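Structure first, commentary second.
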Number of protein chains: 2
Amino acid sequence: MGKVTSKKKERAASTSPRRTRDTEATKAQILNAAEEEFARHGLSGTRTEAIAAKTGVTKAMIFYHFGNKEKLYRAVLKRPCSDVIQAFETLDLEQQTAEVALSRLIRAAIEYCVAYPHRGKVLFHEANQNQGRYFQKEGGWQPAIDYISNLLERGVAEGSFRPLDPFITTAHIMGICSFYFDARENLKYAAPEKDLLSPDMVQAHIDGAIALVIAGVKNH
Amino acid sequence: MGKVTSKKKERAASTSPRRTRDTEATKAQILNAAEEEFARHGLSGTRTEAIAAKTGVTKAMIFYHFGNKEKLYRAVLKRPCSDVIQAFETLDLEQQTAEVALSRLIRAAIEYCVAYPHRGKVLFHEANQNQGRYFQKEGGWQPAIDYISNLLERGVAEGSFRPLDPFITTAHIMGICSFYFDARENLKYAAPEKDLLSPDMVQAHIDGAIALVIAGVKNH
DNA sequence: TTACAAACTAACTAGATGGTTAGTTATATC
DNA sequence: GATATAACTAACCATCTAGTTAGTTTGTAA
């Protein structure tokens, strides 16, 4: 990070309550609180005061550490896509058949949605309110889309997948993985007895998504 | 509608500019403008002044005709689901095999997204900001989900579809249809040469969605 | 232990925002 | 064509919000 710190503060930034002053911990806490608030209300709808309240720090700290609301928003947008790509890259997909690789990728994508439940929503707001301008500046979805498209093209080239439009199919796969979470609060009323975030239901979502997509793209 | 009007005003409410005073036309214009604004910013993020500006009528008219922002929001939420069901019901799906019925339903769902590009977004905000409370009061997605689930179950019972979880698969199908539009502004950067709303691209979306889902659920 | 810079707070400001109100104009009906 | 009333406007108010500022506390290192 360039900065040399003599004593490394090991306090978990996101969970434990702040006790003393600690730049990195405070910034991380503001970022996490901001991610949640931006997920609910988007850039313009989010109140800096609400972020501050979640952080346990005064509103002025947001401006002290991040300059203004927009810069904080951009900092929040930096994290999603690079984290997804990182998750994909630990899977060694090149070593697998296209079919196995696609199954693993879908599982990883859904598990990512579970691990970071706010990020899909932040990006929705971003598309909606700001036409994706800020997200585009931070790299956008390009790497993730390329990653999935390339995998699909490989499957088609190898003959294990039927001919398909890689871009459209990538969009369909992203929709399959994320809609379940993004629309969760509307879906829950249609299945009141189920907890959509329980491990069992998430597993059913993963299994169903893999079954649908693999059967859907396979060369039968 | 209960009210007797001697002369029916035939001016198209949504498009042509207002010229004289006309309750129904004004209310419809406010509703359409509100749908757009709520789609971008959700309930809390939407500024009544912005709705007024789009309508060409003063802000006070919103309160005159709808009482307050929340009541206007609820009026906007009344329209989406009933319109989808109506679209489904004109398709005579019971007369078709499950496979043909599902194909037609997907086409109709996507065409609905094209016809009313804001409604999916309004519902996303609703899920996100208000945990779907208001939408639930207006009926929610229940009828649409039931409609699709029943169709899937019929296909499974007939043996033309493989065994599958109807609820999960319904969510996947909804995601396939709507993500393309809801994330459009983020997707467009990944395919800058394409106009995602052009008839050709929408047709490719429809074809791809049908191909993926039908192959994905079929008993091979 | 003292001195200093970074981290932090409380109180504030200018401008926006939901909602109101008092008054104005169009329109249907007699 | 007079008139009652529904449709509408302009100006207003109380409250809220992004961002600022002046001053206080804390860790650190000489």
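None of the values given here were measured: they were computed from a predicted structure. The chains referred to below are lettered A, B, ... by the order of the sequence lines, with proteins before strands, and numbering in each begins at 1.
- Note: CZ (A/Phe66) to P (D/dA18) measures 16 Å, nearest angstrom.
- In this structure, the NZ atom of B/Lys71 is 17 Å from the P atom of C/dG18, given to the nearest Å.
- By the side chain to side chain donor-acceptor pair (under 3.5 Å) test, A/Arg40 is found to be paired with B/Gln131, residues two or more places apart in sequence or in another chain being considered.
- Rounded to whole Å, the distance from CD on A/Glu37 to P on D/dT17 is 12 Å.
- The ring-ring contact (aromatic ring centres under 6.0 Å, His included) test applied to A/Tyr112 returns A/Tyr116, not counting sequence neighbours.
- Side-chain N or O atoms of B/Gln136 include none that pairs as donor or acceptor with a backbone N or O of A/Tyr189 at under 3.5 Å.
- Residue A/His65 places at least one side-chain N or O under 4.0 Å from the OP1 or OP2 atom of C/dC8.
- To the nearest angstrom, C1' of D/dA18 lies 13 Å from CG of A/Leu72.
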Polar-atom pairs under 3.5 Å, protein N or O versus N or O of nucleotides 12-17 of chain C: list them with distances, or write none.
| residue | atom | partner | partner atom | Å |
| --- | --- | --- | --- | --- |
| C/dT17 | O3' | B/Arg47 | NH1 | 3.4 |

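- In this structure, the nucleotide among C/dT9, C/dG19, D/dC8 sitting nearest to the side chain of B/Asn68 is C/dG19.
- Separating the OH atom of B/Tyr64 from the P atom of D/dC8 is a distance of 8 Å, rounded to the nearest angstrom.
- Rounded to whole Å, atom P of D/dG19 lies 15 Å from atom CE of A/Met61.
- A/Gln129 places no side-chain N or O within donor-acceptor distance of the main-chain N or O of A/Gly42, the cut-off being under 3.5 Å.
- Take A/Lys54 and apply the side-chain contact (heavy atoms from CB on, under 4.5 Å) test, not counting sequence neighbours, and it matches A/Ala33, A/Glu36, A/Glu37.
- Within the structure, side chain to side chain donor-acceptor pair (under 3.5 Å) contacts touching residues 202-212 of chain B (residues at least two apart or in different chains) are A/His172-B/His205, B/Gln203-B/Asp207.
- Atom CD1 in A/Ile62 sits roughly 14 Å away from atom C1' in C/dT9 (whole-Å rounding).
- For the ring pair (Phe, Tyr, Trp, His ring centres under 6.0 Å) condition, the pairs that include at least one residue of residues 22-46 of chain A, sequence neighbours left out, are A/Phe38-A/Tyr73.
- A/Ile51 places its CD1 atom 12 Å from the C1' atom of D/dT17, with the value rounded to the nearest Å.
- Counting only heavy atoms from C-beta on, A/Thr58 has its side chain closest to C/dT9 among D/dA18, D/dC8, C/dT9.
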